[in-house]
Number of protein chains: 2
Amino acid sequence: MKDVVSACPIEEAMRVLSGRWPTLLLYYLKEGPKRFSDLRRDNPTVSHRMLTLELRKLEQAGIVRRTDHPGYPRRVDYDLTPAGRRLLPLIDALGDWWEETITIRRTPQPLSEAA
Amino acid sequence: MKDVVSACPIEEAMRVLSGRWPTLLLYYLKEGPKRFSDLRRDNPTVSHRMLTLELRKLEQAGIVRRTDHPGYPRRVDYDLTPAGRRLLPLIDALGDWWEETITIRRTPQPLSEAA
DNA sequence: TGTAAATTACGCACATTTTTGTAACCGCCA
DNA sequence: TGGCGGTTACAAAAATGTGCGTAATTTACA
């Protein structure tokens, strides 16, 4: 991800949210604070490296907050910041939109204008 | 992009919208039908190849409609399907969300819960 | 009384995979 | 000849996975 400076907020937002993991992590963090290993269990196909990288990215973007509790067994948890929580409805809306378009694709019908 | 089958609509939607170009193309197509060369002019940094690939992807996803008008100077144009148009407000909302979080980051303030 | 193992959340180096760019070529038309 | 809208082969760059190492502390065990 090149550090291209852009004036376009959509482009900036997509730089953070693009890819397979960011929205999925947000989705799981919706349930409340989670530990690193919880998130790996939630999504078994993410590698530990990717998970740290993505979490750092989300942290830097102000979407996720990382808390490192000192002590044993080591314990770090991640939860959504207010900004992250404000993002949730948008992500859900995206899911709804997709389901809608899928349904339409499955239902033979002329593509009519609904301007 | 591996052809992973997923039950999650958010993941599916992001498979189409991830990356630098999809949302930008949607943004420019908002203005109405555009030709290939128009889109290249709108966004001078997209390569010829990427533009075709991304347009094909959006077409397959049912977001963009390609129309090849036969005749004199060749003319192909792309415009949003109804599904694509339904996506526009979500993309705008994403831009707004980003501007909001940026503003917050610029305004020193305690991270308070706004559950 | 040691000491080795297990746990958690990583970091690092290296390898592989995927994405993207470059440049050349094509058919169509004027 | 030149522009439009591509495609294809090849190369560069970026993303992602793999496996090993680490710190701190408790437990297991001999």
Side-chain angles (χ1 to χ4, degrees), chain A residues 1-6 11-25 28-29 32-61 64-80, chain B residues 1-6 11-26 28-29 32-61 64-79:
Chain A
M1 194 168 29
K2 250 192 222 160
D3 193 23
V4 183
V5 177
S6 156
E11 214 178 331
E12 299 280 354
M14 286 308 287
R15 224 197 325 278
V16 177
L17 299 179
S18 272
R20 195 173 167 192
W21 307 119
T23 48
L24 278 185
L25 294 180
Y28 286 115
L29 287 172
K34 296 244 182 173
R35 307 178 58 174
F36 188 85
S37 45
D38 293 332
L39 290 168
R40 289 211 69 188
R41 266 184 291 273
D42 284 336
N43 209 312
T45 60
V46 69
S47 69
H48 72 270
R49 184 168 176 273
M50 264 301 105
L51 186 52
T52 43
L53 290 176
E54 297 290 324
L55 286 170
R56 295 280 172 282
K57 194 173 69 173
L58 294 174
E59 198 192 349
Q60 284 232 133
V64 155
R65 174 172 31 205
R66 192 185 109 109
T67 315
D68 195 339
H69 308 276
Y72 175 81
R74 190 173 178 190
R75 193 189 140 87
V76 177
D77 59 37
Y78 297 89
D79 67 336
L80 296 177
Chain B
M1 192 167 31
K2 249 193 222 162
D3 193 24
V4 184
V5 178
S6 155
E11 214 178 330
E12 300 279 354
M14 286 308 287
R15 231 207 309 286
V16 177
L17 300 178
S18 271
R20 194 173 167 191
W21 308 119
T23 49
L24 279 185
L25 294 179
L26 277 267
Y28 286 115
L29 287 172
K34 296 244 180 174
R35 306 179 56 173
F36 188 85
S37 45
D38 293 332
L39 290 169
R40 290 212 68 189
R41 267 185 292 273
D42 285 336
N43 208 311
T45 59
V46 69
S47 72
H48 190 102
R49 185 169 174 274
M50 263 300 107
L51 186 54
T52 42
L53 289 177
E54 295 291 322
L55 286 171
R56 295 282 172 279
K57 194 173 68 171
L58 293 174
E59 198 192 348
Q60 285 231 134
V64 155
R65 173 173 32 203
R66 192 185 108 109
T67 314
D68 195 338
H69 307 274
Y72 329 121
R74 186 168 181 196
R75 191 190 140 89
V76 177
D77 58 37
Y78 296 90
D79 68 335

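All chains are named by letter (A, B, ...) in the order of the sequence lines, taking the proteins before the strands, and each is independently numbered beginning at 1. As the structure is a prediction and not an experimental result, all values here were calculated from the model.
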Nearest non-hydrogen partners of A:Pro22 and A:Leu58, listed with the distance: CB-CD2, 4.3 Å
Whole-Å distance, A:Leu53 CG to C:dA13 P, equals 14 Å
Which of B:Val76, B:Leu55, B:Asp77 passes side chain to side chain contact (heavy atoms under 4.5 Å, CB included) with B:Phe36? Answer is B:Leu55
In whole angstrom, what separates A:Arg75's CZ from C:dC10's P? 13 Å
In whole Å, what is the span from the CZ atom of B:Arg56 to the P atom of D:dG6? 5 Å
Spacing of A:Trp21 atom CH2 relative to C:dT18 atom C1', expressed in whole Å: 15 Å
Let me know the distance between CZ of B:Arg20 and C1' of D:dA14, rounded to the nearest Å. 14 Å
Answer with base, sugar-phosphate or nothing: what part of the nucleic acid does A:Ser18 contact at a heavy-atom distance below 4.0 Å? nothing
Expressed as a whole number of angstroms, how long is the span from B:His48:NE2 to D:dT7:P? 8 Å
From NE2 of B:His69 across to P of D:dG5 the rounded distance in Å is 10 Å
Quick test of your reading: applying ring-ring contact (aromatic ring centres under 6.0 Å, His included), list the pairs with at least one residue in residues 37-60 of chain A, sequence neighbours left out, ordered by first then second residue. none
Could you say whether B:Met50 or A:Arg66 is positioned toward the 5' end of DNA chain C, judged by the nucleotide with the nearest heavy atom to each? A:Arg66
Residue of the set A:Leu25, A:Leu39, A:Val64 for which side chain to side chain contact (heavy atoms under 4.5 Å, CB included) holds with A:Glu54: A:Leu25
How about A:Arg20 and B:Met14: do any of their side-chain heavy atoms sit closer than 4.5 Å? no
Round to the nearest Å and state the distance from A:Arg49 atom CZ to C:dG11 atom P. 10 Å
Given DNA chain D, 5'-ward residue of the pair A:Glu54 and B:Asp68, judged by closest heavy atom: B:Asp68
Is the phosphate of D:dG6, meaning OP1 or OP2, less than 4.0 Å from a side-chain N or O of B:Tyr78? yes
Any donor and acceptor pair, going by atom type alone, linking the side chain of B:Arg40 with main-chain N or O of B:Val46 inside 3.5 Å? yes
Expected output is a numbered-order residue list: members of residues 34-43 of chain A with a heavy atom under 4.0 Å from any atom of DNA chain D. What is it? none
By nearest heavy atom, map A:Val46 and A:Arg74 onto DNA chain D; which one lands nearer the 5' end? A:Val46
Listed by chain and number, what are the side chain to side chain donor-acceptor pair (under 3.5 Å) partners of B:Thr67, not counting sequence neighbours? none
